[in-house]
Amino acid sequence: DTGVSQDPRHKITKRGQNVTFRCDPISEHNRLYWYRQTLGQGPEFLTYFQNEAQLEKSRLLSDRFSAERPKGSFSTLEIQRTEQGDSAMYLCASSLDSEQYFGPGTRLTVT
Amino acid sequence: GIQVEQSPPDLILQEGANSTLRCNFSDSVNNLQWFHQNPWGQLINLFYIPSGTKQNGRLSATTVATERYSLLYISSSQTTDSGVYFCAVETSGSRLTFGEGTQLTVNP
């Protein structure tokens with residue numbers, strides 16, 4: 001198993017555009033998480049799936065953000081009408097029980 | 001929500017030195033993990049340690065859950081140990097809450 005993968009690794013977009021990120025978890029893991037990390041800070045929780053069900057969402061996840069996990073496999077995180085404040089590293093993690101394993105992240109820059 | 005405090009925020013060592021990083025948390029936890037974030041941003045799992053002591057090579061960790069702290073020990077540090085070390089805890093609902101990290105620099 002190659003671990004958690006994320007695509008793309010880097011994304012540069014103009015303010016107002018929509019972007020979508022993909023996360024492929026470790027194959028047997030039923031739980032999937034999204035986090036956001038800004039410079040100099042620790043990652044902050046965004047949302048969590050168990051199988052295909054989205055069980056928890058942070059207040060950080062505004063109406064412009066939507067996440068899906070169809071069929072309980074890969075997940076997508078979409079940001080609509082991007083703003084400069086959305087510039088960050090978006091991290092995906094997966095777990096089978098409690099221990100979470102992270103992907104390499106997608107670094108988003110909004111110009 | 002739960003508060004996670006890490007100390008020191010910055011640490012500079014000479015290669016071969018030992019160090020101790022601390023993580024204090026404000027409530028009971030179900031899970032505690034230590035991570036090393038490399039310069040490319042990848043979070044590397046070091047320990048899953050809600051309680052007790054574990055060792056992995058030059059690294060070891062101890063969590064005293066009743067006193068709400070965890071310690072990460074790095075012995076005989078190497079330049080490749082440089083990076084940011086994060087402590088993260090889970091209370092319920094599976095979300096991890098991270099501290100602000102310790103930036104470690106190991107000089108040759």
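As a basis for the values below, the full set of heavy atoms in this structure was taken, side chains included, without hydrogen atoms, waters or symmetry mates. Just so we're on the same page: letters track the sequence lines, and every chain starts at 1.
- Side chains of A:Y35 and B:L96 form a contact here, defined as non-hydrogen atoms less than 4.5 Å apart.
- A:V4 and A:F74 end up in different hydrophobic clusters when Ile, Leu, Val, Met, Phe, Trp and Tyr side chains are linked at under 4.5 Å.
- By the 4.5 Å heavy-atom criterion applied to side chains, B:S94 and A:E56 are not counted as neighbours.
- Using a 4.5 Å cut-off between heavy atoms, A:L91 touches chain B through its side chain atoms alone.
- Residue contact with chain B, scored on non-hydrogen atoms closer than 4.5 Å, involves the side chain of A:Q37 exclusively.
- Every residue two or more places apart in sequence or in another chain that forms a side-chain contact (heavy atoms from CB on, under 4.5 Å) with A:P8 is listed here: A:K11, A:F21, A:T106.
- By the rule that hydrophobic residues join a cluster once side-chain heavy atoms approach within less than 4.5 Å of another member, B:L46 and B:V84 end up as members of separate clusters.
- Enclosure of atom CD in B:E15 by more than 12 non-hydrogen atoms of other residues, nucleotides or ligands within 6.0 angstrom is indicated.
- Under a cut-off of 6.0 angstrom, the local environment of CZ in A:R15 is sparse, with at most 12 non-hydrogen atoms contributed by other residues, nucleotides or ligands.
- Counting all heavy atoms, side chain and backbone alike, B:F86 lies closest to A:Q41 at CZ-O, 3.8 Å.
- Under a hydrophobic-cluster definition in which Ile, Leu, Val, Met, Phe, Trp and Tyr are linked whenever side-chain heavy atoms come within less than 4.5 Å, directly or via other members, A:Y33 and A:F102 are assigned to the same cluster.
- Using a 4.5 Å cut-off between side-chain heavy atoms of Ile, Leu, Val, Met, Phe, Trp and Tyr, with links allowed through other members, B:F98 and A:Y90 fall into different hydrophobic clusters.
- A:Q54 CD: more than 12 foreign heavy atoms inside a 6.0 Å radius.
- Atom CG of A:L60 sits in a crowded spot, with more than 12 heavy atoms from other residues, nucleotides or ligands closer than 6.0 Å.
- Contact check for B:N45 versus A:Y101: side-chain heavy atoms found under the 4.5 Å cut-off.
- In this structure, A:R107 places its CZ atom where only 12 or fewer heavy-atom neighbours from other residues, nucleotides or ligands lie under 6.0 Å away.
- Placement of A:F45 and A:L32 in two distinct hydrophobic clusters is found when ILVMFWY residues are connected by side-chain heavy-atom separations under 4.5 Å, directly or transitively.
- Contact tally against chain B (heavy-atom pairs below 4.5 Å) for A:G42, A:P43, A:A93: the top residue is A:P43.
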Side chains of residues 101-108 of chain B: which donor-acceptor pairs under 3.5 Å do they make with residues two or more places apart or in other chains?
residue : atom : partner : partner atom : Å
B:T102  : OG1  : B:P8    : O            : 2.6

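- Interface with chain A: from residues 31-44 of chain B, residues B:N31, B:Q33, B:F35, B:Q37, B:W40, B:G41, B:Q42, B:L43 qualify, criterion being any non-hydrogen pair under 4.5 Å.
- Heavy-atom neighbours of chain A within the stretch residues 62-79 of chain B, taken at a separation under 4.5 angstrom, are nonexistent.
- With rounding to the nearest 0.5 angstrom, the CD atom of A:E44 is 10.5 Å from the CZ atom of B:R95.
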